[in-house]
Each structure stands twice: as C-alpha cells, then as structure tokens.
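Values in this document were obtained by computation on a predicted structure and should not be read as measured data. Computed from heavy atoms alone, side chains included, the values below leave out hydrogens, waters and symmetry copies.
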Amino acid sequence: MTEPFPVPPATASQLTTAVERVTDLGAKLGRRRADVLDPEELHIASGVPLEVVRALLQGRAAGEPDIHERFRQRLDLLHATYLKENGRKFSHGEIARQSGISRQQVQALLGGDRRPTMDHCARLERFFERPAGFLQSEDVEALSCALAVIEKALLQEYQEHSERNALSAASAGAGGPRLYERHGVDGIALRAALLPAQGRTRLLEWLDNYMDERAVEENTEEDTEEDRGAVGDAS
C-alpha cells in the first residue's frame, strides 16, 4: 500500500509552480525538462489522461470530467496497467475476491453501469496499491501529487549530490574522504559540511582531534608490534 497523497488539493497556479520546481531541480542535476517530466509516466502515476497531462504541464486549461467519468477513466487505466506476474490482467472474480466487492459490483463498476461509493473507491485503491483519493481526485490535484513524488526523489538526489561535493571540499586538506571512511566517521563528515559556519568549525575541530588520537594509537600499536618483533629476533 502506498502512502496517502502527499499534498492537499492544488490549484492551477500551484501546479505551475510545482512544474517549475521540478524542472529547476532537474536542471541542477544536469537533466532536461523532458527527462524529469515524462507525460506518459505522469499519466500512469496520476491516472490523468495523457492529453490532459500534456496540456496541464504546458499551463493550458484542459477541462475537467465529472466525478463519475473521472472514476471510470482511472479504473480502466488501473485495470489495464496493474498486471499479474504473468503479465495478464486481473479477472473480475480475482478483483472481487481480493477487494471484498462482489463480482457483480466489480463488473458494473468496470462497465460504467454503477456509480461508486466511497467504500468501493477505498477498496479498489487498496487492491490496486494506489494512494487514497486516486480514483476521484481532480486532475490538477492528481497531477500535483504525482509531481510531489518526483520532486521528493529529486530533492533527495540533489541533497546527496550536494553532500558529496561539500565533503570533497571540506576534506580536501584533511587527508580526503578515505581517511574518514577508514575510521567510520564519513557520515559525520558529510553532515559537518552542511552545517552553519560556527557549527561546522566546531565539529571539524572535533574530527581533527579524533583523527589525531587515532593516529597516535595506530603509531603506538605499530611501535609495539615492532618491539615484539625485535624481542623475538633477539631470543
């Protein structure tokens, strides 16, 4: 089961802003708009018709079907794309057994002969592993939710990219990242590079002292081993 929709109902202007944020993040990671805003992928993720996705991404109005037609569009999409391991669609009977809706009701819902209840929507969303609200949310909201998932992934990637760059810069004069990795403090060094100046200075001072202590211990151990070897040779 996926998480609930991560954003509240969105307006067209909020959608435009979300598109700009995703595009900007992609550019910072060296990706084109088409790489991070694939209409076909967004169509599958949101349930919004492909031509509507394209229009909304371009800032154009695309109309809005009534709630019953929207439900039918998205249920048809789920039935066509959510497949079994053998690549085949789930039968009406399989959907009925696993969702707890009667076979007759499943047939009527898929055929557009019955209007869904909130319980029908909730059961079908759980069966098809889609977030709450997927089958009935308005197109702008559904697309905004799909964009929020992309934005979250890009933000995580951008943060990791920034941390790597910051670590390289912070550790350039202190023996490099390998030294931190060897002593198991590379994660601390990564975070230190992102702290405000005062906090970064204090933590890096602590790291320097820690590494000095480890160096003394390693040298002492090496000297001890050499002394033991010398004694063994003398005997």
- Message: Distance check, rounded to the nearest 0.5 Å: Thr17 atom OG1 versus Glu20 atom CD?
- Response: 5.5 Å

- So how far is it from Leu25 CG to Glu157 CD, rounded to the nearest 0.5 Å? 9.5 Å

- Message: Is the shortest side-chain heavy-atom distance between Val53 and Asp139 below 4.5 Å?
- Response: no

- Query: Val48 and Ala142: which non-hydrogen atoms are nearest, and at how many Å?
  - Reply: CG2-CB, 3.9 Å

- Aromatic ring proximity Phe128/Phe90, centre distance under 6.0 Å: no

- Do His79 and His92 come close enough that some side-chain heavy atom pair is under 4.5 Å? yes

- Less than 4.0 Å between a side-chain N and a carboxylate O, is that true for Glu94 and Lys84? yes

- CD1 on Ile101 to CZ on Arg114, rounded to 0.5 Å: 9.5 Å

- Message: Measuring from atom CG of Leu135 to atom CG of Leu77, what distance do you get when rounded to the nearest 0.5 angstrom?
- Response: 10.0 Å

- Item | Verdict with supporting geometry, Asp113 and Gln107, side-chain contact (heavy atoms from CB on, under 4.5 Å) | CA-CA 8 Å; Asp113 300 323; Gln107 290 175 328; over 6 Å; no

- Message: Less than 4.5 Å apart, side chain to side chain, heavy atoms only: is that true for Asp119 and Arg123?
- Response: yes

- Hey, could you give me the CD1/CD distance between Ile67 and Glu138, rounded to the nearest 0.5 Å? 8.5 Å

- Message: If I compare all heavy atoms of Ala12 with all of Val140, which pair ends up nearest, and what's the gap?
- Response: N-CG1, 4.1 Å

- How about Leu42 and Ile150: do any of their side-chain heavy atoms sit closer than 4.5 Å? yes

- Do Val22 and Arg33 have side-chain heavy atoms sitting under 4.5 Å apart? no

- Query: Taking the side chain from Glu125 and the backbone from Phe134, do they hold a donor-acceptor pair closer than 3.5 Å?
  - Reply: yes

- Query: Is Gln136 reaching over with its side chain to a backbone N or O of Arg70, donor-acceptor style, under 3.5 angstrom?
  - Reply: no

- Does a side-chain heavy-atom distance below 4.5 Å link His161 with Lys28? no

- Pair Gln156, Glu160: side-chain N/O donor-acceptor within cut-off below 3.5 Å: yes

- Does Tyr82 share a hydrophobic cluster with Leu50, counting links as ILVMFWY side-chain heavy atoms below 4.5 Å and allowing steps through other members? no

- Query: Is there a side-chain contact (heavy atoms from CB on, under 4.5 Å) between Leu78 and Arg130 once you walk through the steps?
  - Reply: CA-CA 9 Å; Leu78 291 178; Arg130 291 303 175 113; 3.7 Å; yes

- Task: List the steps and the verdict of side chain to side chain donor-acceptor pair (under 3.5 Å) for Arg74 and Ser137.
- Result: CA-CA 10 Å; Arg74 296 185 189 172; Ser137 59; 3.2 Å; yes

- Over all heavy atoms of both residues, which pair between Arg115 and Leu109 is shortest? Give the atoms and the distance, please. C-CD2, 4.2 Å

- Residues Thr16 and Arg21: side-chain donor-acceptor under 3.5 angstrom: no

- Query: For Leu154 and Gly26, which heavy atoms make the closest approach, and how far apart are they?
  - Reply: CD1-N, 4.3 Å

- Under the side-chain contact (heavy atoms from CB on, under 4.5 Å) criterion, do Leu124 and Phe71 qualify, and how do the steps go? CA-CA 11 Å; Leu124 288 169; Phe71 170 85; 4.0 Å; yes

- So, for Pro116 and His68, which heavy atoms are closest and what is the spacing to 0.1 Å? CD-ND1, 3.9 Å

- Message: If you compare all heavy atoms of Ser99 against all heavy atoms of Phe127, which two are closest, and at what distance to 0.1 Å?
- Response: CB-CB, 4.2 Å

- Enter the distance from Gln14:CD to Leu147:CG here, rounded to the nearest 0.5 Å. 12.5 Å

- Message: Can you confirm whether Glu41 sits close enough to Ile44 that some side-chain heavy atom of one is under 4.5 Å from a side-chain heavy atom of the other?
- Response: no

- Message: Are the side chains of Pro39 and Leu57 in contact, using a 4.5 Å heavy-atom criterion?
- Response: yes

